[in-house]
Number of protein chains: 2
Amino acid sequence: MTSTPTSQFDAIATLEDAGLRITGQRRQVVAAIERKGGGFTAEDIAAELEGVGRATVYRTLKLLVEADLICKLALPDGTPMYSASRVEHHHHSVCTSCGAIEEFRDTTVERVLRSLTREIEGEIVGHRMEVFIRCRKCLDSPSG
Amino acid sequence: MTSTPTSQFDAIATLEDAGLRITGQRRQVVAAIERKGGGFTAEDIAAELEGVGRATVYRTLKLLVEADLICKLALPDGTPMYSASRVEHHHHSVCTSCGAIEEFRDTTVERVLRSLTREIEGEIVGHRMEVFIRCRKCLDSPSG
DNA sequence: CTTTTAAATGATACTAACTATCATTAAACT
DNA sequence: AGTTTAATGATAGTTAGTATCATTTAAAAG
Ligand SMILES: [Zn+2]
Ligand SMILES: [Zn+2]
Ligand SMILES: [Zn+2]
Ligand SMILES: [Zn+2]
């Protein structure tokens with residue numbers, strides 16, 4: 001992995017630039033996200049940060065999603081997951097066995113989007129693409 | 001729209017072929033889905049079919065998703081929506097203003113998938129792509 | 001450095017979208 | 001028609017949030 005890890009200062013600075021107050025709780029949520037690797041749930045964060053209320057965790061995650069600092073996505077069954085954004089525009093691979101989430105960038109996806117302009121009625125305002133995988137770790141594990 | 005509408009007989013026959021019992025409730029859920037156009041929620045169906053229990057509606061929708069007769073997808077904020085499948089493998093356009101869902105097929109998306117095999121660690125088992133739009137109806141409405 | 005003030009927090013209650021339990025009902029096979 | 005077993009529905013429980021509102025606190029003002 002050669003991408004730069006998300007810096008706490010970046011996330012905090014972005015919130016600050018948006019005119020939001022930098023509270024201890026928001027610092028804690030951002031720090032917890034940085035400690036997570038691939039993907040996490042809101043409840044993961046809430047459980048880890050006993051000193052931060054559940055409502056505040058959800059409120060902060062929503063702010064971070066709106067600021068494009070994290071992504072909210074769904075497993076095939078709809079279970080919501082969050083994932084820290086490390087590169088600007090990206091898509092996700094999600095392991096259906098262990099839930100591991102990785103980002104990937106692929107310009108061919110964007111090229112497809114441009115070709116869809118002809119097929120789709122209306123104005124395209126965004127898109128989402130998820131690739132479901134069995135990750136290397138899960139493939140290599142004894143349970144196959 | 002030139003695609004063939006989903007036939008109730010198809011859905012019922014598919015469930016039957018899977019060894020499931022054809023109950024009055026399942027017929028009613030399938031019929032309700034056929035009456036819907038673009039997209040619907042589980043609660044839409046439950047509210048419309050007063051004679052069918054909510055649990056049964058959710059159970060039936062799950063069966064139909066598993067049989068690929070309907071798709072479950074999410075609005076940008078994660079709100080789950082269902083949409084009848086009319087063509088075999090497809091993706092969705094979702095209007096972020098009114099929630100209207102349309103299917104589209106695009107072979108270039110599948111070509112992208114093949115190219116991703118080189119970029120993504122692990123074995124690709126599936127994918128999902130949603131294009132968010134403002135539909136013609138919403139663009140043409142007085143509120144812009 | 002205090003004071004001010006509006007944003008943020010947390011406890012609580014509530015909602016949405018399911019899921020589990022289990023006694024009762026009814027497909028479908030004989 | 002009788003038997004069996006899947007399916008149903010009422011109820012309660014779970015997960016992932018959102019709304020309310022009294023209390024706290026960040027940060028701007030003095
Ligand atoms: Zn895995
Ligand atoms: Zn993209
Ligand atoms: Zn619309
Ligand atoms: Zn596809």
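Below, all heavy atoms of this structure are taken into account, side chains as well, without hydrogens, waters or symmetry copies. Labels below follow one simple rule: chain letters A, B, ... track the order of the sequence lines, proteins then strands, and each chain is numbered from 1.
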message: Counting only side-chain nitrogens and oxygens, does A:Arg54 get under 4.0 Å of the OP1 or OP2 atom of D:dG17?
response: no

- request: Choose from C:dT19, C:dG10, D:dG17 the nucleotide whose nearest atom is closest to any side-chain atom of B:Tyr58.
  value: C:dT19

statement: Rounding to 0.5 Å, atoms CD (A:Glu66) and OG1 (A:Thr14) come to a distance of 13.5 Å

task: Could you please name the option among D:dA7, D:dG9, C:dG10 that lies closest to any side-chain atom of A:Ala55?
output: C:dG10

- prompt: Which of parallel (below 30°), tilted (30 to 60°) and perpendicular (above 60°) describes B:Phe40 and B:Tyr82?
  reply: parallel

message: Using ring centroids (six-membered ring only for Trp), state whether A:His127 and B:His92 fall under 6.0 Å.
response: no

- request: Give a yes/no on whether any side-chain N or O of B:Tyr82 is located under 4.0 angstrom from OP1 or OP2 of C:dA17.
  value: no

- request: Give one of base, sugar-phosphate or nothing for B:Gly51, where a contact means two heavy atoms less than 4.0 Å apart.
  value: sugar-phosphate

query: If each of B:Pro80 and B:Arg59 is mapped to the nucleotide of DNA chain C with the nearest heavy atom, which maps nearer the 5' terminus, i.e. the 5' end?
result: B:Pro80

task: Counting heavy atoms from C-beta on, name the nucleotide in C:dA8, D:dG17, C:dT19 closest to the side chain of B:Lys62.
output: C:dT19

query: Between D:dA26 and A:Thr23, is there an OP1 or OP2 to side-chain N/O distance shorter than 4.0 Å?
result: no

message: Rounded to whole Å, please give me the gap between CZ in A:Arg21 and P in D:dA27.
response: 7 Å

- prompt: Would you say the side chain of B:Cys135 lies within less than 4.5 Å of the side chain of B:Ser97, judging by non-hydrogen atoms?
  reply: no

- request: Kindly calculate the angle separating the two end axes of the helix from C:dC1-D:dG30 to C:dT30-D:dA1, each obtained from five base pairs, and round it to 10 degrees.
  value: 40°

- request: Report yes if at least one side-chain N or O of A:Gln25 is closer than 4.0 Å to OP1 or OP2 of D:dA26; otherwise report no.
  value: no

query: Contact class for A:Thr79 vs. all strands (heavy atom < 4.0 Å): base, sugar-phosphate, or nothing?
result: sugar-phosphate

